[in-house]
Amino acid sequence: MDGSGKSSSPMAWVLGQTGDHAGQYVLSVILAVIGVAFSVAPYFVVVGVVQGLMEGQQDFSFYLNRCLIMGVLWLGRVLFHALSTATSHRATFAVLGEIRKRCIEKLTRMPLGTVLMQSSGALKNTLVERIDSIETTLAHIVPEFTANLLVPVIIEIYIFTIDWRMGLASLLTVPIGMFCYVLMMVGSGDFYQHTIAATKALNDTAVEYINGIQVIKVFGKTRSSYERFVHDAYEAAHSFIDWMRASILPMTFAMVVMPATMVSVLPIGGLLVKSGSLSPRDFVMVIILSVGLITPLVTLMSYSDDIRTMGTIFGEVRSILDAPEMTRPAEGNVPVKNDLELKDVHFSYQISDSAAEDGKKAENAATAAKAGNEPVAGDDPISAYDRVSADNPPAADSEVLHGVSMKIPEGSFVALVGPSGSGKSTIARLIASLWDVTAGSITLGGEDIRKIPQEAYADRIAFVSQDNYLFNMTVRENIRLGRPSATDEEVEEAAKMSGCHDFIMSLEKGYETMVGSSGGHLSGGERQRISIARAMLKAAPVVILDEATAYTDPENEAVIQRSVSRLTQGKTLIVIAHRLSTIVDADRIYVVKDGRIHEEGTHEELLAHHDLYEKMWKAHMEVKDNG
């Protein structure tokens, strides 16, 4: 039972996540009810003590026994509360772990574009803080809310059985307290939404500031970027401060008036006793029970903020769990041949407004940097590559490919070239099945790739991009990701063939060296060569290289080119290149412009057209000669 239906209420949804742990929550509620009952029971004992005093009871053992009973009841309250809390927390942390795992697994099944176009700060906030926030609801509100609501109801029913007039008297302060509570809640919706927006902005800015600190320093924008962080921190803090200032007075009155049951019980009860319609014994009983009547209700009120935040918190988690997936069959026809064909492919980014805004900021900052100008306020060049591809600047719901068609025969060498932002990387990622086409189709061996099991198709593709990610594991384990069953000898052989064995052996611990977060202990060229070794170990029949030499110097570029030649021998090779000299031998070159195939042919044929490719070639040769 996952309870993920979008129509369910937040509480129904979160209870639906308990799954196999539902029995533990039922036990926790039962233990909590018993614990609250133990906390209320001493009031009945106190009634007996007071009555003993009124009757002139002078036997010390009479009072001692009742004090011991109250001590036992207090210990019972502590014990059952601890058992309830331990049970609910044990179940809750198991549930939170399962929810977090499901979210991570869900991300792997979502289109890459849906993931990349979200702020990394927002994703981190959802997967860590937001899921952790569910702990309050499951571990505390579920058992304690139930118990603290049930016991006062039982006590109030008992007071009504004693005397209905005293029952009404004990509730007289509740409407006044609730009125103050309602005043406190007026406008709280707007305040709450402001805190959510301000906190999210601070979280995103903090993550971007840390991730982009190198770019900030390079562009000399430390001061302006820090001012943005300080501004968002101030806004986040004061969103809560302003809310508290607006609600502190009515909240104080609500907390003071509602528990003040004696204000009504004492005068009304005294009049009834004086008139002879209420016995002193019952009056004492009502007084003592009324003292403990409202305390559990006040405890319930303390959860009001947590209950209010449930919708937002659960909504963010559900936005991941309920997101559309890339649907692939578990079983299906796996084609024998590896020829690829794109048929009238259209593709649109479906991204959020915030992602589009981030992309616009990155674009503005880059333009300002190229022009040597100061970025405008808030446009620091720190967002970027974890959300917005430099080859695909986003616009909300914009179509970036318009009817792309191409044939890639098995064993051929095909190159994609064109201006930045033309859609080359998008085409490569669609071929790698990292996104689904919006319209048209991509076929492998004549079979639509959407009808091929994902794992089977992934086995056919090796994808090496300019920003390949290395995990914070050893060099050996990062290479082994290409084929988890590979032996150490096979891993080292792939490293030798990719030209990175020598530099690996020069590392402190060789193949057992930890590469650091995102491969941060290695240079860009070293990370790229390890990525190529990983792809080489995979031995896939289709190899996609997206600027595989982007981070390398001329010496290492020659090493990588030789490695790529070994990797792609006898395989289908798709290359995205800005250095046109690396693809002059391609069987087919597609020039992409504005999301369309502008021209195609061999290197010689395209030069003869005197069109865009020729201009690109001349520009490339000028740079190469000057270099």
Side-chain angles (χ1 to χ4, degrees), residues 104 107-108 112 115-116 118-125 127-128 203-222 225-226 229 358 362 365-366 369 380-391 425 434 462-482 484 491-492 494-495 498-538 545-553 555-557 559-560 563:
I104 296 299
L107 290 177
T108 67
L112 181 63
V115 179
L116 290 181
Q118 297 185 55
S119 163
S120 59
L123 276 177
K124 171 258 181 186
N125 188 45
L127 294 173
V128 181
N203 189 73
D204 292 350
T205 300
V207 172
E208 290 178 349
Y209 186 83
I210 294 169
N211 290 342
I213 192 67
Q214 180 177 351
V215 179
I216 292 171
K217 290 182 178 293
V218 167
F219 283 94
K221 304 304 172 191
T222 305
S225 298
Y226 185 69
F229 173 79
D358 287 337
D380 301 306
I382 63 175
S383 56
Y385 296 110
D386 62 333
R387 300 188 308 283
V388 180
S389 167
D391 194 39
S425 293
L434 301 183
F463 188 90
V464 182
S465 71
Q466 57 183 305
D467 54 356
N468 265 285
Y469 189 89
L470 297 185
F471 293 90
N472 189 19
M473 303 186 297
T474 64
V475 172
R476 187 185 304 278
E477 291 307 312
N478 269 285
I479 296 176
R480 185 176 274 127
L481 288 174
V491 169
E492 294 177 16
S498 63
C500 58
H501 176 75
D502 291 340
F503 96 75
I504 291 175
M505 294 306 297
S506 69
L507 298 175
E508 181 181 0
K509 296 182 180 179
Y511 283 88
E512 306 310 318
T513 301
M514 298 294 290
V515 303
S517 178
S518 303
H521 294 169
L522 306 177
S523 69
E526 290 169 342
R527 290 196 298 269
Q528 199 68 21
R529 288 154 71 182
I530 289 177
S531 298
I532 292 174
R534 183 164 60 193
M536 187 172 289
L537 184 64
K538 186 176 184 179
L545 302 178
D546 185 356
E547 279 299 303
T549 59
Y551 297 130
T552 58
D553 52 42
E555 181 181 352
N556 283 325
E557 181 179 3
V559 174
I560 290 179
S563 303

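We count residues from 1, following the sequence as given.
Between D546 atom CG and S425 atom OG the span is 3.5 Å, to the nearest 0.5 Å. Here N472 contributes atom CG and E477 contributes atom CD; the two are 12.5 Å apart, rounded to the nearest 0.5 Å. Distance check: T513 OG1 to M505 CE gives 9.0 Å after rounding to the nearest 0.5 Å. M473 contributes atom CE, which lies 10.5 Å from atom CD1 of I479 (distance to the nearest 0.5 angstrom).
The pair E526-R529 fails the salt-bridge criterion, with no side-chain N (NZ, NE, NH1 or NH2) lying under 4.0 Å from an Asp/Glu carboxylate O.
Between R527 and L470 the shortest heavy-atom distance is CG-CD1, 3.7 Å. Residues A533 and A495 approach most closely at CB-CA, 4.1 Å, considering heavy atoms. Counting all heavy atoms, side chain and backbone alike, R534 lies closest to N478 at CD-O, 3.0 Å. Between M514 and H521 the shortest heavy-atom distance is O-ND1, 3.3 Å. Closest of all the heavy-atom pairs between V464 and A535 is CG2-CB, 3.5 Å.
Checking each of V475, T474, V515 against L507 for a side chain to side chain contact (heavy atoms under 4.5 Å, CB included) leaves exactly one that passes, namely V475.
Counting only residues at least two apart or on different chains, the side chain to side chain donor-acceptor pair (under 3.5 Å) pairs with a member in residues 500-509 are H501-Y511.
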